[in-house]
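Accompanying notes for the structure given below.
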Amino acid sequence: MNADTTQGSSAGPAPSWQEDAGRDLVRSFGDRMALFVRGEGAYVWDGDGKKYLDFLAGIAVDALGHAHPTFVEAVATQAATLTHVSNYFATPPQLALAARLKRLAGTGDAGRVYFANSGAEANEAAFKLARLHGRGTQRTRILALKNGFHGRTMGALALTGKPALQADFLPMVPGVEHIDATIDALEAAVDDRVAAFIVEPIQGEAGVVELPDGYLEAARAITARHGALLIVDEIQTGAGRTGEWFAFQHAGIVPDAITVAKGIGGGFPIGALITFGAASELFFPGTHGSTYGGNALGTAVAGAVLGEIEASGLLANASAREEQLRAGIAGLGSPLVAGVRGRGLLLGVALAHPVAKAVVAAAQEHGLIVNAANDETIRLAPPLIIGDAEISEFLALFGAALATAADALMIDESAAAATEGVPA
Ligand code: PLP
């Protein structure tokens, strides 16, 4: 399929979509793996009409799956009513979403919401919040975790604890230090010159890596003791994906701020910084802004998406489906599976060999979309709407993909019979 029908004329056959992509799209992404033309529920279809079960959901974005009637209706109705007026003005959907996010995050009255257009932008706002907290004081240090991911814009990249992603873009925005993900390392690093500590409750991009037990509780206590902000990056874990609205709520703590994006919009680009308590008073007129941030269309869609997650009990669904997936994956008995990490519908299947890319390719052949978060981890982040049928289908397709990859590796499937279940 050629997107531009004016090209590929009599000189020869029309270029394939791969050629179009290779020529016209920025090279910062690798080769695109497929051309998808349509989606419905937990399924997408490619340009050849092949159907795929989507267990990635646009990297934890399509919370309601594809073309959900609530999403479609919200886009159409708001587009026909009022799309954008700039932040000189307020709109009803923007006010309603701010109030809803405050309620879901549990900020109480003292919370405030800054609307952005992506996760990275939400984290840029969080970075500026930290700077405002340190303004006029010795608080110039910002702490983040090694291997953490917070986005690709320069501030968010500085927060990201992956030197390989930073190397070509030095110098980084100064002041950020990356520490090991242990309570001891945090205790040793935090002093009265720290403005903020930013942390993902589960490190999604690192391969669905959980924090040590009690980490967020300790982080809250340590940062509070030193007057530093605790900022939780809920961009991948938020919007119900882990079985709570936001993953920090499993720990029962109150952070100073959280950043959200991805699932909040269910496919519509939107992000937000949500502040709690005194941190809500740090921004003052002129200190931050965005033309599109919080426009009527985006906030109406996000409001509808969150409303549907709430009305359909999708938090409980995320928890219940986690149990089914864990049991089902263990039941596959694949010698390639070394364990399952994560929570709710953000799961990382740990592989016994570094063959994640081969498993992803085999899955795609079988009609299943999953992601290689790293060489040894398959990330699962399906839409929150999945039910029994999708889980059964997933287990069949994933089992087949693992078998294909194991065959290629010449691993004896029967070895699995000797394995007693799969460690959690
Ligand atoms: N923070 C986390 C935890 C993420 O997982 C991501 C994206 O994967 C981001 C920030 C950046 O979000 P975006 O890609 O919308 O800029």
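We count ligands from 1, going down the list as the structure has it; atoms in each ligand are counted the same way. Throughout, residue positions are numbered sequentially from 1 according to the sequence presented.
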Legend entry - Under-4.0 Å heavy-atom contact with ligand 1, by part of Arg152 that carries it: neither
Inset, instruction - Give the contacting part of Glu121 toward ligand 1: side chain, backbone, both or neither, where contact means a heavy-atom distance below 4.0 Å. - result: neither
Inset, instruction - Nearest heavy atom to atom 1 (N) of ligand 1 wins, so pick from Asp233, Leu346, Ile202, Ile198. - result: Asp233
Inset, instruction - Answer with side chain, backbone, both or neither: which part of Ala261 has a heavy atom less than 4.0 angstrom from an atom of ligand 1? - result: neither
Legend entry - Lys262 near ligand 1 by a heavy-atom separation under 4.0 Å: yes
Legend entry - Under 4.0 Å to a heavy atom of Glu200 - the qualifying atoms of ligand 1, by number: 3 (C)
Legend entry - Side-chain donor/acceptor of Gln166 to backbone N/O of Thr160, under 3.5 Å: yes
Legend entry - Atoms in ligand 1 flagged as close to Gly151, the criterion being non-hydrogen separation under 4.0 Å: 10 (C), 11 (C)
Legend entry - ligand 1 versus His150: contacting region, heavy-atom distance under 4.0 Å: backbone
Inset, instruction - Run the ring-centre check on Phe398 versus Phe55 and record whether the distance is less than 6.0 Å. - result: no
Legend entry - Plane angle bin for Phe248 and Phe276 - parallel if under 30°, tilted between 30 and 60°, otherwise perpendicular: perpendicular
Inset, instruction - Would you mind checking if Glu40 and Lys51 are paired as a salt bridge, meaning a charged N to carboxylate O distance below 4.0 Å? - result: no
Legend entry - Closer than 4.0 Å: a protein non-hydrogen atom to atom 14 (O) of ligand 1: no
Inset, instruction - On the 0 to 90° scale, with breaks at 30° and 60°, tag the Phe283-Tyr114 ring pair as parallel, tilted or perpendicular. - result: parallel
Inset, instruction - Any chance you could measure Arg241, atom CZ, to Lys262, atom NZ, to the nearest 0.5 Å? - result: 9.5 Å
Inset, instruction - Report the distance from atom CZ of Arg152 to atom CG of Asn123, rounding to the nearest 0.5 Å. - result: 13.5 Å
Legend entry - Near-ring test His66/Tyr43, centroid separation under 6.0 angstrom: no
Inset, instruction - Look at ligand 1 and say whether Asn123 reaches it with a heavy atom at a distance under 4.0 Å. - result: yes
Legend entry - atom 12 (O) of ligand 1: the protein heavy-atom neighbour that sits closest, reported with distance to 0.1 Å: Gly119 CA, 3.3 Å
Inset, instruction - Kindly indicate whether the side chain of Asn87, heavy atoms from C-beta on, has any atom under 4.5 Å from the side chain of Gln94. - result: yes
Inset, instruction - Please report which non-hydrogen protein atom sits nearest to atom 16 (O) of ligand 1, along with the residue it belongs to and the distance in Å to one decimal place. - result: Ala120 N, 2.8 Å
Legend entry - For atom 5 (O) of ligand 1, the protein heavy atom that lies nearest, with its residue and separation: Gln236 NE2, 2.7 Å
